[in-house]
Amino acid sequence: MPDSVSAAPKPIETRESVVIRFAGDSGDGMQVTGTQFTNATALAGNDLATLPDFPAEIRAPAGTLAGVSAFQLNFSSSDIFTPGDELDVLVAMNPAALRANLGDLRPGGLLVVDREGFTEHNLTKAGYETNPLENHSLAGYRVVPIDITRLTTAALKDLGLSARAVFRCRNFFSLGVMAWLYTRPTEPIENWIRHRFKGELVEANLRAFRAGLAFGENTELLPVAYQVQRAVIAPGTYRNITGNLATALGFVAAAQKAGRPLFLGSYPITPASDVLHELAALKQFDVHTFQAEDEIAGIGAALGAAFAGAIAITTTSGPGMNLKAETLGLALAIELPLVVTDIQRAGPSTGMPTKTEQADLLMAMYGRHGEAPVPILAAATPGDCFHMAFEAVRIAVKYMTPVVLLTDGYLANGSEPWPIPSVDQLADIPVRFRTDPTSFYPYLRDEETLARPWVIPGTPGLEHRVGGLEKDVLTGNVSYAPANHEQMVRLRARKIAGIAREVPPTEVFGPPDGELLLLGWGSTYGSIREATRQLQNEGLRVAHAHLRYLNPFPSDLGALLGRYRRVLVPEINLGQLVRLVRAEFLVPAVGFNKVQGRPFKVSEIAERARKLLRNERLEESAA
Amino acid sequence: MPDSVSAAPKPIETRESVVIRFAGDSGDGMQVTGTQFTNATALAGNDLATLPDFPAEIRAPAGTLAGVSAFQLNFSSSDIFTPGDELDVLVAMNPAALRANLGDLRPGGLLVVDREGFTEHNLTKAGYETNPLENHSLAGYRVVPIDITRLTTAALKDLGLSARAVFRCRNFFSLGVMAWLYTRPTEPIENWIRHRFKGELVEANLRAFRAGLAFGENTELLPVAYQVQRAVIAPGTYRNITGNLATALGFVAAAQKAGRPLFLGSYPITPASDVLHELAALKQFDVHTFQAEDEIAGIGAALGAAFAGAIAITTTSGPGMNLKAETLGLALAIELPLVVTDIQRAGPSTGMPTKTEQADLLMAMYGRHGEAPVPILAAATPGDCFHMAFEAVRIAVKYMTPVVLLTDGYLANGSEPWPIPSVDQLADIPVRFRTDPTSFYPYLRDEETLARPWVIPGTPGLEHRVGGLEKDVLTGNVSYAPANHEQMVRLRARKIAGIAREVPPTEVFGPPDGELLLLGWGSTYGSIREATRQLQNEGLRVAHAHLRYLNPFPSDLGALLGRYRRVLVPEINLGQLVRLVRAEFLVPAVGFNKVQGRPFKVSEIAERARKLLRNERLEESAA
Amino acid sequence: MSVFTKKDFVSDQDVRWCPGCGDYAILAQVQKILPELGVPRENFVFVSGIGCSSRFPYYVNTYGVHSIHGRAPAVATGIKMTRPELSVWIVTGDGDALSIGGNHLIHILRRNLDVNILLFNNRIYGLTKGQYSPTSEVGKLTKSTPQGSVDHPFDPIALALGAGASFVARSIDVETKHLQHVLKRAHAHRGAAFIEILQNCNVFNDGAFDALTDKASKSEHTVVLEHGKPLVFGADRTRGVRLRSDLRPEVVTLGTGVGEDELLVYDETNPMHAQIAASLQGPSFPTAIGVFTAVERTCYEDDAQRQVAEAQRRTPPDLQALLMRGDTWTIS
Amino acid sequence: MSVFTKKDFVSDQDVRWCPGCGDYAILAQVQKILPELGVPRENFVFVSGIGCSSRFPYYVNTYGVHSIHGRAPAVATGIKMTRPELSVWIVTGDGDALSIGGNHLIHILRRNLDVNILLFNNRIYGLTKGQYSPTSEVGKLTKSTPQGSVDHPFDPIALALGAGASFVARSIDVETKHLQHVLKRAHAHRGAAFIEILQNCNVFNDGAFDALTDKASKSEHTVVLEHGKPLVFGADRTRGVRLRSDLRPEVVTLGTGVGEDELLVYDETNPMHAQIAASLQGPSFPTAIGVFTAVERTCYEDDAQRQVAEAQRRTPPDLQALLMRGDTWTIS
Ligand SMILES: Cc1ncc(C[n+]2csc(CCOP(=O)(O)OP(=O)(O)O)c2C)c(N)n1
Ligand SMILES: Cc1ncc(C[n+]2csc(CCOP(=O)(O)OP(=O)(O)O)c2C)c(N)n1
Ligand code: SF4
Ligand code: SF4
Ligand SMILES: [Mg+2]
Ligand SMILES: [Mg+2]
């Protein structure tokens with residue numbers, strides 16, 4: 001009787017944190033389910049981190065491993081930095097989802113499956129020879145098989161929906177079960193359903209959701225419910241935000257704070273396209289989006305827009321970044337502000353477009369001919385994308401330089417609760433176009449920043465030409481004079497190096513000196529931070545520093561590195577930052593590298609650090 | 001009486017070495033003059049090195065500084081490594097040539113000028129307010145003003161040539177004077193004239209040349225002639241060769257030794273175009289040249305040709321190199337042999353196309369997204385381009401990998417006497433296309449080299465597909481499996497690193513350990529070698545090592561660097577190799593950098609090394 | 001040469017297009033005609049760029065290169081120049097061929113390499129999940145154009161003609177027989193054969209060509225170009241295309257005082273006819289399918305190979321002599 | 001607005017083209033008409049790629065960008081989209097625009113940004129010292145084609161038409177009056193105005209257009225397109241172009257039973273006329289100069305700006321509200 005919520009409520013136990021993953025076919029609505037669970041969790045006051053995992057194909061054949069879509073959430077009453085290494089709960093809507101995800105479920109973890117999905121046909125498609133629900137292979141887990149399809153159908157029976165439509169409500173049944181199990185607030189989910197769906201689908205999804213709740217309440221398979229206490233979170237208003245959305249908003253905010261139009265020239269590419277999509281829908285903020293014929297035209301148009309006085313940006317991912325190199329070189333030669341965002345994905349070549357990687361750092365540094373320095377910033381978390389996008393624009397404008405902003409697929413699609421900044425407290429980005437023709441020279445530089453003046457067409461008396469040939473150090477006219485070239489090459493380098501003066505001091509999490517510094521950049525932030533905390537809890541003198549400015553480095557970095565006996569640099573590549581710090585500071589930093597298209601587990605980093613420290617002790621005792 | 005060679009011959013003095021530069025308007029034929037003087041000098045058995053210097057403009061207005069063209073030659077009875085720092089002799093055909101080149105003439109040096117060129121008009125165009133021939137500003141030099149135009153006209157008077165045609169013979173008059181002064185053999189020059197010109201121009205140029213000879217013989221301004229003894233040069237047959245020609249021939253030889261067609265896909269760009277021009281004229285060697293619509297199509301077609309079984313190459317310079325990045329990434333992902341030659345020029349951006357630089361090394365290393373390693377070779381001298389081009393093909397084929405070959409504008413257009421290799425002694429490049437369908441897997445690797453098999457279309461039963469998505473480690477089918485990706489990323493890296501096994505041990509010029517190692521790569525070879533010799537002659541324990549393999553490094557390099565107290569890395573950039581060795585070996589190598597679009601002077605390197613060693617002593621005595 | 005059947009051209013890879021995608025039909029027709037062309041299987045090479053359409057080579061059991069976005073014509077050029085005996089097929093999409101790859105496309109057409117180019121035009125970027133493409137109609141609502149696209153699209157046929165293509169055709173994914181016919185004509189043509197194949201992307205641009213494919217409407221909305229035949233169309237073949245005196249086409253109804261002899265009799269070797277056929281655009285005109293242009297022109301690779309042969313005839317290759325060219329001197 | 005003269009448009013940089021280069025004449029005509037256009041000098045922007053021709057902006061005293069090879073249309077697009085009030089001129093060469101930059105060219109034409117594109121066609125790569133270009137005739141002997149080029153060239157006019165250009169014209173470097181006229185028409189046209197300017201490179205391809213420029217022969221070898229006028233040419237204007245029944249053009253001599261009324265009366269809004277004019281090629285036909293096509297079509301930047309204005313009207317920009325969008329929660 002799913003409708004009659006009877007009997008005494010079940011007992012509620014408290015958990016500090018829970019890692020849950022919803023997995024199903026790409027048509028099963030797992031991203032929606034995960035997102036709604038996340039929103040409810042955020043409103044419940046937990047700290048949280050999420051990890052969506054889309055299939056690589058647009059629409060892989062239903063039921064296949066290639067078609068599995070998943071959404072993972074870690075929520076907790078204490079600080080959370082990662083979506084979690086291991087699952088406490090796996091919800092698997094079909095055999096393929098089970099097979100693709102079971103490896104991540106911790107021993108004894110809770111496994112919720114739609115039993116009816118385990119038909120012979122589906123088992124075969126997933127590559128199972130026998131039904132795992134029946135062959136004891138799942139003995140190490142707490143298996144809760146539910147006839148989700150049947151129960152959903154029953155709940156919706158008098159609505160007159162097609163079987164297909166009913167089938168598509170199954171995800172809300174699962175969500176209901178999980179919402180009950182973790183005592184999530186149901187209001188926000190129901191509101192969202194009312195908002196999102198139309199006609200009888202509102203009722204259908206509400207019923208499915210409530211049926212799931214009721215099932216949880218009544219089933220013997222789930223004898224207790226759990227709660228996770230509110231986390232101590234800094235006061236403020238929060239929302240969940242993905243890295244790509246935060247990037248887009250950061251650019252809009254920066255342009256607004258600069259009082260200039262925002263121009264995006266871009267060519268679609270996974271996982272960067274969403275920034276284009278977001279910005280295309282924000283034209284009311286004087287945002288101009290240009291879907292170009294290719295990446296070269298995207299950056300070319302952006303450079304033109306910069307010349308014309310806009311806040312100009314271009315967005316792409318690795319393969320497209322190659323194509324932007326030549327124009328990036330021109331931008332730094334003609335010294336115009338421009339932000340190039342590379343949302344990294346697994347390479348080389350086409351690689352694995354939907355998978356994450358951090359292997360474009362050295363390309364950002366060196367991927368152009370000639371001496372062609374640019375500042376490089378990297379966001380550490382989804383929400384940080386907002387700030388780094390904003391900062392990239394600020395630096396570009398202040399120093400009249402292109403800036404490379406690095407994020408990656410993990411940040412782009414991952415989300416975290418984000419304290420919404422107050423617009424009043426965002427600093428203005430002063431833009432001062434030169435209009436005075438007296439003693440005007442296109443390359444006369446500001447003494448402090450070495451920036452040349454920004455003069456836009458339409459300014460009478462300041463007509464001038466810029467171009468990629470080497471320029472006279474003052475007039476900007478073409479010059480082949482040997483000494484002038486050297487001067488210009490060094491000036492361009494000094495200008496970028498000088499940005500270090502306003503790079504904030506490196507924040508260190510942990511002791512100011514010690515046995516080991518974990519040095520990271522980009523999306524590894526959470527895993528490294530959590531690993532560091534664990535190591536610290538073990539009494540190890542380990543600290544974590546995370547670089548958001550990769551070029552120039554913070555001025556305190558050399559000294560900082562020198563204060564730890566060892567420096568370990570975990571990266572989702574074969575060792576790129578580690579090469580830069582070794583070359584720059586001659587410190588024997590070592591890399592810890594994983595290149596699997598996915599983030600580090602906390603345990604992997606912690607284990608690697610322990611090993612390093614053990615060896616150190618071994619070496620010492622041997623010495 | 002120029003015709004009556006009278007009186008006793010003048011005395012002849014011996015010089016060890018001479019640096020001479022011919023300079024004039026671009027229409028004055030200075031490159032021809034220089035080249036002919038060079039050929040005669042080579043036949044005289046001297047060692048030599050040359051440096052042509054073209055104007056940046058196609059046809060800059062006559063008489064302007066922008067239009068000056070020059071050709072420098074250093075010849076000697078001992079080993080020569082550079083075209084020389086300072087000029088012993090400057091031949092200046094007009095005021096602009098004088099003004100642009102005088103700074104390089106050593107105090108007391110010989111200055112030959114065409115006095116009649118010093119008209120008010122020409123002086124103004126060169127920016128002279130008064131005539132330097134008359135205002136004592138040339139007092140520090142031995143000035144020989146000659147009425148070259150009048151004397152040439154006189155010698156040619158009865159040939160009925162236009163004034164313009166006569167004017168264009170002036171360069172052979174100057175050549176005659178210089179040939180007399182340095183007792184060069186006149187036969188080869190006269191033969192060349194007979195070969196090169198047609199009709200009355202043969203006679204005209206011969207007469208101009210002989211008039212110059214006679215003038216030298218008779219003039220009081222040149223009281224002695226000089227000779228430079230034969231150098232001790234390894235036996236063999238020599239020719240003069242520029243780097244670009246040597247590169248082209250190296251590729252032809254490699255393809256011939258591989259028994260395969262040579263395919264060049266290229267888009268013209270300074271200073272690389274000549275390789276295309278040379279190869280386009282060698283189709284009889286089964287050479288196929290494709291002038292593509294851009295650099296991307298150039299490398300794309302080359303990659304297609306590699307797939308189809310050709311020895312495939314592409315050539316470009318910095319700006320075009322940016323555009324090849326994405327396809328280079330594909331080439332290393334699908335593991336096909338391909339040589340990408342970057343003939344570096346001064347950047348960033350369009351920079352100074354006709355000037356040299358070494359600033360693309362880090363781009364060659366890192367200028368692609370993802371972990372995308374390729375072997376990098378660099379030629380050290382013009383003639384070495386032949387060997388490195390050959391070697392690049394060999395490595396590409398053996399390891400089934402794209403290879404980057406670096407040369408630069410200085411090597412490309414500079415020339416040196418080149419011992420012509422015997423074709424029989426060039427090693428074969430074995431090409432073994434797989435044809436056996438049993439247990440065929442497109443990515444099954446050779447155990448030693450890790451190369452995958454080369455299978456070309458047309459082979460029955462071995463049909464397969466390659467592409468840029470990540471591939472299964474064995475079948476090559478698309479794979480998104482995390483562990484497979486890591487395995488592939490590491491395999492690609494290991495394959496390239498493994499090439500170190502056949503990189504020859506680093507040759508050291510000088511003591512095997514000591515105070516200072518000068519470490520170089522590319523076209524700085526001559527200057528560093530000569531500087532090292534000078535320092536050694538001063539009794540300093542200094543050695544020179546020059547890298548022709550930049551990736552992977554020779555396996556002995558780390559140990560080698562450790563055997564010197566200091567490592568100094570002179571580069572025509574802001575420090576690129578130095579970053580690589582610091583990162584790799586954690587040695588406190590320091591850079592010595594000059595970025596002026598031209599090579600180092602020997603004295604600059606020697607002086608920098610002395611300073612370093614002085615400081616070292618200072619530091620020591622202070623300690 | 002062994003006799004191949006369709007299934008010899010099916011590779012062992014699972015086809016990963018969305019269920020219902022028009023690409024399936026095209027794949028099937030290609031696999032159907034390949035065994036009929038008299039070319040040994042190992043001599044086929046399929047080259048593609050990136051996009052849903054560009055996954056094509058993985059599914060055809062021949063040699064294949066899934067290259068990079070927009071660059072298939074370049075790769076194909078290298079293959080064909082090196083090995084003219086191979087049968088080279090380029091598979092590309094409207095984004096791959098006309099957006100990032102537009103330049104390579106027009107250059108391979110002007111050079112006239114003997115390759116077949118299949119452009120799957122679904123008027124959308126499928127693989128990147130639905131942005132408008134250079135063939136999308138003005139006002140297209142997509143993720144990247146929430147207020148509608150503002151660019152005037154390319155007409156692929158007109159662009160190919162403007163580039164000087166020697167063979168230009170159009171077909172439709174579901175017109176299996178017609179598509180087979182056009183594919184065979186393309187193969188038979190010596191030179192670059194360009195085929196625009198209208199293809200339904202049922203996920204991001206479903207129904208884009210419904211008017212041309214719906215049983216009910218298709219005969220009113222398409223006219224089949226046939227060399228030497230008048231342009232007649234319509235369910236009962238009573239409508240035709242006539243040229244007005246200002247050279248603009250008009251649709252006329254036969255019988256009502258208009259005879260077939262007034263209609264344009266299609267000549268695929270006449271460039272003006274191709275232009276007129278290209279200008280037939282809905283809704284007022286039927287869309288033309290078939291061969292727009294088929295003219296003879298020398299192939300780039302033939303001329304290039306001829307130069308190699310000529311050079312070899314003129315100067316026998318002697319590597320040692322080459323190295324010794326010019327002034328030499330001997331030190332002993 | 002102050003009144004400018006030609007010399008206000010002369011920059012302080014020495015012109016660095018070879019003496020005798022056709023570029024000088026084009027520069028002079030541009031500098032001549034600029035003051036006559038009623039645009040404040042500071043509102044002009046000249047954008048170029050790389051090549052001899054692309055040095056142009058350095059010599060014009062307005063705003064200018066000497067960008068990178070082939071990419072001028074992209075840069076110009078960003079300028080024009082951001083600041084539609086600027087008068088944007090693209091200067092490019094046959095290599096810059098049709099080789100490396102072909103794709104950007106066809107895209108800016110289809111999008112129809114309101115810019116003027118001057119393509120200096122000297123049928124050679126000048127700056128890199130004389131390789132053949134995509135407009136070089138077959139068999140061209142150059143450094144990179146010692147046995148003659150084998151590629152069929154582009155016809156820039158046909159390509160621009162195929163890309164859907166709204167304004168297409170051709171003129172000649174030394175035809176100063178004609179060139180001025182065409183430049184002014186291009187400026188007056190709202191939309192992308194494409195002008196092919198035949199230009200003599202006297203160093204690497206001297207005399208390429210002699211037939212069209214030599215006093216003696218030019219009137220026999222060129223026909224000037226004038227809207228509403230018949231296609232008449234020849235020294236004594238006794239020859240004309242007539243259309244045959246198969247729609248192919250033929251040259252006829254007037255008077256010999258042929259009247260002017262039989263000639264093609266040029267209509268620059270008729271796409272078929274543009275195709276016919278483009279097909280007129282020597283030696284059997286005179287080369288057409290003048291405006292091939294001039295049709296009205298909305299400009300990309302206008303539509304794009306309109307969307308911004310519309311969005312602003314619909315949703316007033318509120319940054320704080322934007323940041324707060326969606327589900328939020330407050331911790332206190
Ligand atoms: C250099 C580069 N830029 C962008 C992309 C992303 N991308 C892949 S396919 C594609 C467009 C595909 O459209 P189309 O060619 O029409 O193929 P369809 O998927 O519609 O068949 C894009 C933008 C890429 N892979 N590489
Ligand atoms: C990326 C890149 N590739 C190649 C070049 C070399 N390059 C400069 S201009 C040019 C061709 C110029 O031809 P065209 O556009 O016809 O101009 P012209 O000099 O004839 O006026 C080439 C190949 C370059 N500068 N950049
Ligand atoms: S997205 Fe469209 S084009 Fe791509 S496979 Fe799916 S239906 Fe086909
Ligand atoms: S090379 Fe030709 S196009 Fe270039 S400036 Fe000289 S004459 Fe003009
Ligand atoms: Mg498409
Ligand atoms: Mg040109």
Side-chain angles (χ1 to χ4, degrees), chain C residues 70 98-107 109-112 134 138-139 145-166 243 246-249 264 267 270-276 278-279 297-304 306-308 310-311 314, chain D residues 70 98-107 109-112 134 138-139 145-166 243 246-249 264 267 270-276 278-279 297-304 306-308 310-311 314:
Chain C
L98 297 174
S99 197
I100 195 168
N103 202 33
H104 308 302
L105 177 70
I106 59 180
H107 278 270
L109 292 176
R110 90 172 162 87
R111 291 195 188 104
N112 201 36
V138 173
T145 50
Q147 293 170 267
S149 62
V150 303
D151 356 3
H152 183 82
F154 279 136
D155 173 1
I157 300 288
L159 185 67
L161 293 172
S166 64
L243 213 58
D246 65 357
L247 309 179
R248 297 186 200 253
L264 186 70
D267 176 357
N270 185 323
M272 286 304 144
H273 286 203
Q275 292 293 343
I276 292 160
S279 77
R297 193 138 70 66
T298 60
C299 296
Y300 183 90
E301 72 273 21
D302 288 347
D303 290 341
R306 199 169 302 126
Q307 293 197 339
V308 170
E310 222 165 74
R314 276 207 301 246
Chain D
L98 297 175
S99 197
I100 194 168
N103 202 31
H104 307 304
L105 177 70
I106 58 179
H107 277 269
L109 292 176
R110 89 172 162 88
R111 290 194 189 105
N112 201 36
V138 173
T145 49
Q147 293 171 266
S149 61
V150 303
D151 359 1
H152 181 82
F154 279 135
D155 173 359
I157 301 287
L159 185 66
L161 293 173
S166 63
L243 214 58
D246 66 356
L247 308 179
R248 298 185 199 255
L264 186 70
D267 176 358
N270 186 324
M272 285 303 145
H273 287 204
Q275 292 293 344
I276 293 159
S279 77
R297 194 139 69 65
T298 60
C299 296
Y300 183 90
E301 71 275 22
D302 289 347
D303 290 340
R306 199 170 301 126
Q307 292 197 339
V308 170
E310 221 164 76
R314 275 207 301 245

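The basis for the numbers below is simple: all heavy atoms, side chains too, and nothing from hydrogens, waters or symmetry mates. Lettering of chains follows the sequences in order, A, B, ..., and the numbering in each one begins at 1.
When each of C:P271, C:A163, C:P146 is checked for heavy-atom pairs under 4.5 Å with chain D, C:A163 comes out on top. Put simply, of D:A160, D:S279, D:G148, the one with the most heavy-atom pairs under 4.5 Å next to chain C is D:G148. Counting heavy-atom pairs under 4.5 Å between each of C:R111, C:R297, C:H104, C:E310 and chain D puts C:R297 at the top. Your options are C:M272, C:H273, C:Q147, C:R248, and the one with the most heavy-atom pairs under 4.5 Å with chain D is C:Q147. In terms of non-hydrogen atom pairs under 4.5 Å with chain D, the most contact-rich of C:T298, C:L159, C:I100, C:L109 is C:L159. Put simply, of C:N103, C:L264, C:D302, C:L98, the one with the most heavy-atom pairs under 4.5 Å next to chain D is C:N103.
Only the backbone of D:P153 comes within less than 4.5 Å of a heavy atom of chain C; no side-chain atom from C-beta onward does. Contact of D:A311 with chain C is made through backbone and side chain together, with heavy-atom distances under 4.5 Å. Of the two parts of C:R306, neither the backbone nor the side chain holds a non-hydrogen atom closer than 4.5 Å to a non-hydrogen atom of chain D. In this structure, chain D has no heavy atom under 4.5 Å from any part of C:L161. Of the two parts of C:P134, the backbone and the side chain both hold a non-hydrogen atom closer than 4.5 Å to a non-hydrogen atom of chain D. At a 4.5 Å heavy-atom cutoff, C:A278 makes no contact with chain D through either its backbone or its side chain. Interface remark: D:D246 contributes backbone and side-chain atoms alike to the contact with chain C (heavy atom separation under 4.5 Å).
Side chain of C:H152 to backbone of D:C299: no donor-acceptor contact under 3.5 angstrom is found. C:Q275 places no side-chain N or O within donor-acceptor distance of the main-chain N or O of D:I276, the cut-off being under 3.5 Å.
Atom CG in C:D267 sits 9.5 Å away from atom CG in D:L247 (nearest 0.5 Å). Rounded to the nearest 0.5 Å, atoms OG1 (C:T145) and CD (D:Q307) are 8.0 Å apart.
In this view, D:V308 and A:K283, A:D286, A:H288, D:Q312 satisfy the side-chain contact (heavy atoms from CB on, under 4.5 Å) rule, not counting sequence neighbours. Residues passing the side chain to side chain donor-acceptor pair (under 3.5 Å) test with C:N270, sequence neighbours excluded: none.
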Do D:D303 and C:V138 pass the side-chain contact (heavy atoms from CB on, under 4.5 Å) test, and can you show the C-alpha distance, the side-chain angles, and the key distance before you say yes or no? CA-CA 11 Å; D:D303 290 340; C:V138 173; 6.0 Å; no

